[in-house]
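Both backbone and side-chain heavy atoms feed into the values below; hydrogens, waters and symmetry mates do not.
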Protein chains: 2
Amino acid sequence: MSPRMTSPTENFIEQMGLMTQAEGGPRIAGQILGYLIVEGEPRTLAQMTEALKISKASASTNARLLELKGSVRRVSPMGQRQDAYEALDFPNLAVIRALGERFRAHADTMTEIGAGFPESHAGARERVTRFAEFYRKTADFIDDWTAKLAEDPDLAATDRDDPR
Amino acid sequence: MSPRMTSPTENFIEQMGLMTQAEGGPRIAGQILGYLIVEGEPRTLAQMTEALKISKASASTNARLLELKGSVRRVSPMGQRQDAYEALDFPNLAVIRALGERFRAHADTMTEIGAGFPESHAGARERVTRFAEFYRKTADFIDDWTAKLAEDPDLAATDRDDPR
DNA sequence: CAAACTGTTCAATCCTTATTGAACACGCCG
DNA sequence: CGGCGTGTTCAATAAGGATTGAACAGTTTG
C-alpha cells in the first residue's frame, strides 16, 4: 500500500487548493499560489505545469486570474523569454479587499431595491434597507481593516509581543 | 412580448438568490431568506414552495440550512401542524460570523502545516506562517466586528446622524 | 386503525464551472 | 523565410453541487 507520504510542501499546496475552492474559487489557482508562496521566488508557467501536474492552459489562465485579483505579480527579467510569476508579500490581502468590494456591491443593489418598495410595503422596505445597510457597514469595516494593513503590514506578520 | 414586470419583491428575492450564489451558497437558500425578510412573519414550507416555485425537498433542505447558519429560526405555534420559519433580525450577521470562523479554521490548518516545515526550509516556513497569521488576524478582526454588532444592533441599522 | 398530511432522505438529473487538448498567434532564432 | 518556443484562446469534456421526484417515516385526524 503506497506510503503516500506527503511533505509539508505538498500538503500546503493541496490545502491551499481546497481552501480556495471552499471560498468559491478555482482549486488550481489556490495550488499555484501555494506553490509560489513556498518557492518564494518567481516561477515560470512551465515550472508550474511540471510541479503541479496541470495543463499549460490552466497554468496560464489561473496565473493571470491571480494576477488580476492581486495576489501575484508577473515578472519578466531581461533575457528571460518565459513569463514568470511570484507571490506578493501578502497575497491574501487582495482576497479580503475583494470581499469588501463584493459586500459593498451587494449593499448598493439592495439599497436600490429597498427604495423601490412603495409606501404600502413600508415594513418590507424597512427590513430590506436594514439588510442593505448591514452589508454597507460591514464593507466599511473591512475597508478600514485593509487600509490599516496596507499602511502597516507588520500587523499581519507574526509578532512576538502580542499587543492585543 | 410578455411585459415581465418585476415587482420590488420579486426583484429582491431574485437578487438575494444571485447574491447568495455569488458567495458560494445555494441559490434557493438566498431566495428563501429574501422571501422571509419581505414577509416579515413566519411562513411555512408549503408557502415557500408555492411562492418560490421550488420543490418541497429544496424548501426543507435549504430552510434547515439557513437555520443551521443562524439566519432564520424555526417556529411552531401551538395548534399549528406545519413548520414555519422566520428571518432573524439581522440575518446576515450569521454570514459574517461564519466567514470569521472559516478564516480562523484556515489559519489553524495553515499554522499547523507551517510548523511542519523543517529548518532546511526556514524561508518557506516563514512565508507560510505569515500567511496563516494574516488569516488569524483577520478572523480576530471580524470577531470584534460581530461582537460589537451583537451588543449594539443599531450599528447595523440605518442611522440618520452618521456618527462616523 | 386507516387515511391524510407533513417533513426528511436519497438516488437520479440537471446546471454551472473548472479543466483540458488542440489550434492559434506572436516573437525569436538560425 | 521556416521552424521552434511560448502564452493565449476556445470548443469539448470532466467534475462538483444544486435541485428534484419519489419513497419513506412520523403524526394527526376521523
Side-chain angles (χ1 to χ4, degrees), chain A residues 13-36 42-69 71-86 98 102, chain B residues 13-36 42-69 71-86 98 102:
Chain A
I13 291 175
E14 178 182 357
Q15 289 302 323
M16 285 291 292
L18 293 176
M19 179 182 308
T20 304
Q21 196 168 25
E23 296 300 332
R27 171 167 52 203
I28 289 187
Q31 293 177 348
I32 290 177
L33 180 56
Y35 173 63
L36 292 178
R43 289 291 180 261
T44 69
L45 291 180
Q47 287 173 314
M48 297 177 200
T49 64
E50 159 70 14
L52 302 175
K53 311 282 199 314
I54 58 178
S55 73
K56 200 166 59 147
S58 276
S60 172
T61 302
N62 285 287
R64 270 176 304 138
L65 174 63
L66 287 171
E67 185 188 27
L68 180 67
K69 291 209 294 180
S71 297
V72 134
R73 122 177 112 215
R74 190 195 305 230
V75 300
S76 45
M78 300 180 325
Q80 168 68 62
R81 284 183 60 182
Q82 301 174 203
D83 287 4
Y85 292 83
E86 71 179 350
R102 223 161 54 227
Chain B
I13 290 175
E14 177 182 357
Q15 289 302 323
M16 284 291 290
L18 294 175
M19 179 184 308
T20 304
Q21 197 167 27
E23 297 299 332
R27 170 169 52 203
I28 288 189
Q31 294 178 348
I32 290 178
L33 181 57
Y35 173 63
L36 293 178
R43 289 291 180 260
T44 69
L45 291 180
Q47 287 173 316
M48 297 178 198
T49 63
E50 159 71 14
L52 303 175
K53 309 282 197 314
I54 60 179
S55 73
K56 202 165 56 147
S58 276
S60 173
T61 303
N62 284 287
R64 271 177 302 139
L65 174 64
L66 286 172
E67 185 188 26
L68 180 67
K69 291 208 295 181
S71 296
V72 132
R73 123 177 111 213
R74 190 194 306 228
V75 299
S76 45
M78 301 181 323
Q80 168 69 63
R81 281 182 63 179
Q82 300 174 209
D83 286 5
Y85 293 83
E86 70 178 351
R102 221 161 56 228

Could you give the [atom1]-to-[atom2] distance, from [X] to [N], as a whole number of Å?
X	N	atom1	atom2	result
A:Asp83	C:dG27	CG	P	13 Å
B:Gln31	D:dT19	CD	C1'	11 Å
B:Glu23	D:dG17	CD	C1'	17 Å
A:Ile54	D:dA15	CD1	P	16 Å
A:Leu68	D:dT8	CG	P	13 Å
B:Gln80	C:dG7	CD	P	9 Å
B:Arg27	D:dG16	CZ	C1'	16 Å
B:Leu52	D:dT20	CG	P	10 Å

Which listed nucleotide ([options]) is nearest to the side chain of [X]?
X	options	value
B:Leu45	C:dG7, D:dT8, D:dT9	C:dG7
A:Ser58	D:dG16, C:dT19, C:dG7	C:dT19
B:Ile28	C:dT9, C:dG7, D:dT19	D:dT19

Atom pairs and distances, side-chain donor-acceptor, residues 13-26 of chain A, under 3.5 Å, sequence neighbours left out:
from	atom 1	to	atom 2	distance (Å)
A:Thr20	OG1	A:Met16	O	2.8
A:Glu23	OE1	B:Arg102	NH2	2.9
A:Glu23	OE2	B:Arg102	NE	3.0
A:Glu23	OE2	B:His106	NE2	2.8

Which distance, rounded to the nearest 0.5 Å, do you find between the CD1 of A:Ile28 and the CG of A:Leu52? 8.0 Å
What does nucleotides 21-30 of chain D look like as a protein-contact string, B for base, S for sugar-phosphate only, - for none, at under 4.0 angstrom between heavy atoms? B-----BSS-
Please check if the side chain of A:Thr61 supplies one atom and the backbone of A:Ser58 the other of a donor-acceptor pair under 3.5 Å. no
Ignoring backbone atoms, test whether B:Arg64 places a side-chain nitrogen or oxygen under 4.0 Å from the OP1 or OP2 oxygen of C:dT8. yes
With sequence neighbours left out, write down each residue that passes side-chain contact (heavy atoms from CB on, under 4.5 Å) with A:Glu50, or none if nothing qualifies. none
Quick one: side chains of residues 75-86 of chain A, donor-acceptor pairs under 3.5 Å with protein atoms, not counting sequence neighbours, listed by atom name and distance.
from	atom 1	to	atom 2	distance (Å)
A:Gln82	NE2	A:Thr44	OG1	3.2
A:Asp83	OD2	A:Arg74	NH1	2.6
A:Tyr85	OH	A:Arg74	NH2	3.3
A:Glu86	OE2	A:Arg73	NE	3.1
A:Glu86	OE2	A:Arg73	NH2	2.8

Let me know, please, whether A:Ala84 or B:Gln21 comes out on the 5' side of the other along DNA chain D by nearest nucleotide. A:Ala84
Let me know, please, whether B:Gln82 or A:Gly25 comes out on the 5' side of the other along DNA chain C by nearest nucleotide. B:Gln82
How would you list, by chain and number, every residue that makes a salt bridge (Lys or Arg N to Asp or Glu O under 4.0 Å) with B:Arg43, sequence neighbours excluded? B:Glu39
B:Arg27: which residues meet the side-chain hydrogen bond (donor to acceptor under 3.5 Å, both in side chains) condition with it, sequence neighbours left out? none
